[in-house]
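Presented below is the structure to which this report refers.
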Amino acid sequence: MEEALRKAKAIAVRTDEMLFDLSRLKEFGDEARLEPVTFTLKEGRDIYRHSASHIMAHAVKTLFPEARLAIGPATEEGFYYDFDLDRPLTLEDLGMIEKKMAEIVGEDRPFRRRVLAKTEAIDLFRKAGQDYKVELLGEITDESVSLYEEGDFVDLCRGPHVPSTGAIRAFKLLSIAGAYWRGDEKNRMLQRIYGTAFDKEKELKEYLVFLEEVKKRDHRRLGKELDLFSISDDIGPGLILWHPNGATIRKAIEDFWRDEHTKADYKILFSPHIAKLNLWKKSGHWDFYRENMYSPMEIEGLEYELKPMNCPFHIQIYKSGLRSYRDLPLRYAELGTVYRYERSGVLHGLLRVRGFTQDDAHIFCREDQIEDEVLRVLDFTLFILKTFGFDKYDVYLSTRPEKFVGTPESWERSTGALKCALELKGLAYSVDPGEGVFYGPKIDIKVKDSLGRAWQCSTIQVDFNNPERFDLGFRGSDGKEHRPIMIHRALMGSLERFFGILVEHYAGVFPLWLAPVQVALLTIAERQTEYALKVREKLKAEGVRTEANLDNEKIGHKIREATIRKVPYLGIIGDKEVLEGNVSVRRQNGENLGSMTEEDLLRLLKEEIKHRG
RNA sequence: GCCCAUGUAGCUCAGUCGGCAGAGCACAUCCUUGGUAAGGAUGAGGUCACCGGUUCGAUUCCGGUCAUGGGCUCCA
């Protein structure tokens with residue numbers, strides 16, 4: 001058995017979904033069914049990295065004997081440990097700690113499991129001055145607890161662990177950050193060290209390369225390099241300035257969005273940015289969403305609010321006339337700009353801002369239409385996302401939160417409708433208990449980008465509450481008044497955020513239909529200027545975003561410059577091309593398409609733009 | 001908001017242990033008219049984030065503010 005496990009490179013074993021240390025094999029009889037848990041399994045990685053975090057804590061304790069330890073779990077991509085120290089850690093400290101860890105790994109100390117009574121453990125940690133451990137122990141209900149020891153380092157831990165410290169082959173400490181004890185800002189701020197560990201040096205290297213790639217694709221960096229957007233100190237944090245290049249891409253996205261919504265029988269709306277405070281009181285936002293809203297402004301003695309959401313406006317439009325059951329479903333869509341207060345520490349480039357434009361829509365329908373409408377929205381969403389090259393998703397169903405409006409029964413019903421639609425569509429999803437918005441349950445879709453990272457974009461929310469609050473009605477076939485229900489939905493979420501994600505997803509190399517400049521014409525010498533301008537005018541007249549670089553520079557310089565700006569197509573024009581009436585075409589990736597007429601080029605471009613390639 | 005770090009030319013970054021600041025790229029002018037990722041020369045460009053303190057003197061030291069970054073919490 002042990003032999004087999006060694007061969008399988010087991011880190012621990014599993015039986016009936018319980019994980020055990022390899023050292024506990026003798027507790028099982030020969031007939032026990034034990035599965036090896038290896039690094040390739042999530043459970044195995046977690047055990048491995050959790051062990052690495054113990055070793056890190058050991059190293060920190062050695063270097064800083066006064067350190068008080070909090071918690072140190074494995075994460076998706078690595079591990080961390082929180083410490084309470086006398087002085088702030090520096091980057092140099094990380095190197096020192098790493099070195100110490102390498103020593104501990106080199107000593108190959110076995111991880112030893114020890115079980116003792118909770119009271120004994122409390123005693124032990126209290127004597128050691130480990131208050132955080134004592135606090136944790138106080139909340140454990142079991143009579144006995146397990147400790148893990150390697151060398152002279154002991155930690156409270158459920159386990160399991162790798163057999164010995166030598167098992168950790170490749171690790172790296174990555175960053176230092178502040179973190180509240182138990183994530184609560186009322187508690188003391190601790191120092192967190194993040195690190196990662198792999199069972200092969202090669203995998204660690206690959207991960208570090210991945211981190212480099214993430215850095216290179218950072219939309220804030222590319223936003224500057226490609227002159228897409230900026231944030232100005234003079235204007236304010238979290239407020240986005242769209243530069244011409246970024247605005248061109250945004251317009252292409254918006255045009256696409258409007259066209260598709262019109263085709264899908266949505267009506268496009270516009271609404272103002274402020275409304276009377278009273279409206280927000282009526283909608284419930286003032287009670288349930290105030291912490292994200294700005295302070296009211298006074299206009300002629302009345303209070304007005306900057307809008308954090310678009311729904312009340314769409315509701316007013318619904319209410320502006322009598323509605324019949326024949327009108328439903330009524331789908332109102334708007335690229336609506338909203339403003340939400342975000343604490344300064346959470347702002348992040350385009351991904352977390354204070355003013356943003358939602359690709360919002362509200363569908364007013366009868367209760368029996370919900371499922372059908374949600375299905376339609378799901379289809380529509382997946383189509384839109386696919387257009388941007390997103391074809392992998394994580395889907396979540398969020399249920400009733402603590403702060404909510406409406407009755408538990410209406411929540412039941414709407415959650416059921418969402419569930420049904422997801423199941424009919426055959427989408428795998430997980431349930432996020434308590435994560436719904438205050439007015440209703442929701443489906444969230446997270447897209448996976450080209451690096452496999454998940455981003456929350458789309459959200460579909462059922463609302464039984466606002467129709468009630470605003471006393472919405474429609475005349476039914478029975479001649480009586482009925483209450484419609486509302487579905488709120490955003491597909492891209494916010495244009496700012498979605499754009500930021502796109503920049504990273506495409507690494508700044510936008511597909512032709514989105515590229516700010518689609519073709520750059522590069523002349524070899526000044527005598528081709530006139531011809532180049534003529535070609536430019538023709539392409540522009542056909543709607544192709546074309547630029548001509550007539551600078552007094554060598555062709556190599558111009559190619560380099562346009563390639564760095566990630567222009568998808570370059571048209572090189574020298575004497576030969578002028579003579580033949582051609583353009584020599586080259587793609588951003590260096591692929592040479594050879595010489596062709598301007599009509600052929602146009603055909604090629606238009607085809608690619610049409611397919612949104 | 002909180003902890004830590006950072007803020008020097010349009011961009012990327014040097015630098016000053018306190019004595020009015022420098023490179024590369026970009027920009028401008030000139031030379032060069034060159035065929036698939038950087039031709040050459042010259043020049044212009046900075047309230048060293050902002051406010052205050054210490055000092056004969058502060059970009060440098062100290063304090064505060066603002067902003068950015070890594071996180072915590074929250075979310076589109």
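The structure presented is a predicted model; accordingly, all values stated were derived computationally and were not measured. Note: hydrogens, waters and symmetry copies are ignored here, and every other heavy atom, side chains too, is used. Lettering of chains follows the sequences in order, A, B, ..., and the numbering in each one begins at 1.
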> If we call it a pair only when both distances are under 3.5 Å in a Watson-Crick or G-U wobble match, what pairs with B:C75?
Replying inline: none

>> Could you identify the nucleotide paired to B:A38, looking across every strand shown and requiring Watson-Crick or G-U wobble geometry with both distances under 3.5 Å?
In response: none

> For B:C48, what is the paired nucleotide under Watson-Crick or G-U wobble rules, both distances under 3.5 Å?
Replying inline: none

> Is the base of B:A38 touched by the side chain of A:Arg560 through a donor-acceptor pair closer than 3.5 angstrom?
Replying inline: yes

> Checking all strands, does A:Asn292 fall into the base, sugar-phosphate, or nothing category for heavy-atom contacts under 4.0 angstrom?
Replying inline: nothing

> For B:G43, what is the paired nucleotide under Watson-Crick or G-U wobble rules, both distances under 3.5 Å?
Replying inline: B:C27

> Does B:A5 pair with anything, Watson-Crick or G-U wobble, both distances under 3.5 Å, and if so, with which nucleotide?
Replying inline: B:U68

>> Taking side chain to side chain donor-acceptor pair (under 3.5 Å) as the definition, give me every residue that meets it alongside A:Glu98, ordered by chain and number, with sequence neighbours left out.
In response: none

>> I'd like to know if the side chain of A:Ser398 reaches the main chain of A:Pro441, judged simply by a donor and an acceptor atom lying under 3.5 Å from each other, with no hydrogens or angles considered.
In response: no

>> Suppose we call a contact any N or O donor and acceptor under 3.5 Å apart; does that hold for the side chain of A:Glu342 and the base of B:A76?
In response: yes

> Expressed as a whole number of Å, how far does the C1' atom of B:C25 sit from that of B:G45?
Replying inline: 14 Å

> In terms of the nearest nucleotide of RNA chain B, which residue is placed more toward the 5' end: A:Arg182 or A:Gly556?
Replying inline: A:Gly556

> Can A:Ser450 and A:Arg217 be counted as having a side-chain donor-acceptor contact under 3.5 angstrom?
Replying inline: yes

>> Could you tell me the Watson-Crick or G-U partner of B:C56, where both distances fall under 3.5 Å? Say none if there is no partner.
In response: B:G19

>> Under 5.5 Å centre to centre and under 30° between planes: does that hold for A:Phe356 and the six-membered base ring of B:A76?
In response: yes

